[in-house]
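Everything on this sheet refers to the single structure shown next.
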Amino acid sequence: MEQKKNQTAKKAPQKKKMSSKSKWKRRGRIAVVCMPVVVVAVLLGLLLGATVFFKVESYSVSGTKKYTAEQVWQASGLKTGKSMFASDLDEAEENITVRLPYIESVSIKRKIPHTLTFTAVESKVSLAVQVNGEWMLLNSSGKVLEKLGENEPPENVMRLKIPETAKCELGHVLEFETKEDEPSPTEICKNLMKAIDETALKGKITMIDVSNPEDVTVVYDSRIRLHIGAPTDLATKFGLAAGAVSNEDKINPEQTGELN
């Protein structure tokens, strides 16, 4: 009897075994607690790497013959030695298109680890306009590409007449004071050029006059003025105008005058 009591006393208390389900719950709680710490650590590591290791050391420029790579870089406002990911590329792209007017658009990409690549698209001269005695060259969107002063623009560049209220800044599109819901002369000119290009008049219009947006006129071959009137239904109007000047040219290729 005494021996049985001693055996009972020697038995160690047994630990309760944890079920598989409980183990998974415990691991899940640990993961929930640790996950934010891990995420923060990873983000800090990425931020540190971006600011310390990926600094701008070089650049490449393509797509422009008007400006040198150095001019494009300087116009961007970006700096070497600065983190690639802390550099505002959108602002740099805008700086370039304003400070270097002949660049229509530019795309800047990061090339890891240390290079920025610039891909530019150049503007073409489409129009020449005279404001307060000063000649300016514009692209088809009305952006001021170059100021010529009193020097005459090339003869093969289409002339444009605009209202005197125009605001002309180098590197910016012409601005006008217009009424609410009223198209600007710049927008009217763009629509006119598009309609002209879709007819036989393409390449033969030498002047567009939008100085009165309600009574638009264009000049064909520097000799026949075409009265367009209000800038509506342009496809039909220019289609009729193309047929009319074609008939006049058959009769007399040096004919001058006006057509309504």
- Val216: which of Thr232, Leu226, Ile188 passes side chain to side chain contact (heavy atoms under 4.5 Å, CB included):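 Among the candidates, only Ile188 passes.
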
Rounded to the nearest 0.5 Å, how far apart are [atom1] of [X] and [atom2] of [Y]?
X      : Y      : atom1 : atom2 : answer
Lys143 : Glu104 : NZ    : CD    : 6.0 Å
Leu160 : Met193 : CG    : CE    : 8.5 Å
Asn139 : Glu146 : CG    : CD    : 12.5 Å
Ile103 : Asn95  : CD1   : CG    : 12.0 Å
Leu78  : Met84  : CG    : CE    : 10.5 Å
Ser126 : Ile208 : OG    : CD1   : 10.0 Å

Shared hydrophobic cluster, [X] / [Y] (ILVMFWY, side-chain heavy atoms < 4.5 Å):
X      : Y      : value
Ile196 : Tyr220 : yes
Trp135 : Met158 : no
Leu100 : Phe118 : yes
Leu148 : Leu138 : no
Ile162 : Met136 : yes

Can you check whether [Y]'s main-chain N or O pairs, donor with acceptor, with [X]'s side chain at less than 3.5 Å?
X      : Y      : answer
Arg99  : Gln71  : no
His114 : Lys55  : yes
Lys167 : Glu175 : no
Lys79  : Ser87  : no
Glu93  : Ile108 : yes
Arg159 : Val157 : yes
Asp209 : Ser211 : yes

Can you name the nearest heavy-atom pair linking [X] to [Y], along with the distance?
X      : Y      : value
Gly239 : Thr199 : N-CG2, 4.2 Å
Ser184 : Thr178 : CA-CG2, 3.8 Å
Thr97  : Ser105 : CG2-CA, 3.9 Å
Tyr59  : Ala69  : CE1-O, 3.8 Å
Pro153 : Leu137 : CB-CD2, 3.8 Å
Leu201 : Ala241 : CD1-CB, 4.2 Å

Could you check whether atom [atom1] of [X] has more than 12 heavy atoms from other residues, nucleotides or ligands sitting under 6.0 Å from it?
X      : atom1 : result
Asn252 : CG    : yes
Glu134 : CD    : yes
Glu177 : CD    : no
Lys147 : NZ    : yes
Glu152 : CD    : yes

- Intermediate values then yes/no, side chain to side chain contact (heavy atoms under 4.5 Å, CB included), Val210 and Lys161: CA-CA 6 Å; Val210 293; Lys161 288 188 176 182; over 6 Å; no

- Query: Side-chain donor-acceptor pair under 3.5 Å between Tyr67 and Glu122, yes or no?
  - Reply: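 No, no side-chain donor-acceptor contact under 3.5 Å.
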
- Query: Looking only at side chains, do Thr115 and Ser58 share a donor and an acceptor under 3.5 Å apart?
  - Reply: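 Yes, because at least one side-chain N or O of Thr115 sits under 3.5 Å from a partner of the opposite role on Ser58.
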
- Message: For Tyr102 and Thr64: C-alpha separation, side-chain torsions, deciding distance, then whether side chain to side chain contact (heavy atoms under 4.5 Å, CB included) applies.
- Response: CA-CA 9 Å; Tyr102 274 96; Thr64 176; over 6 Å; no

Find out whether [X] and [Y] are in side-chain contact, i.e. whether some heavy atom of one side chain is under 4.5 Å from a heavy atom of the other.
X      : Y      : result
Glu70  : Gln74  : yes
Cys189 : Leu127 : yes
Gln255 : Asp249 : no

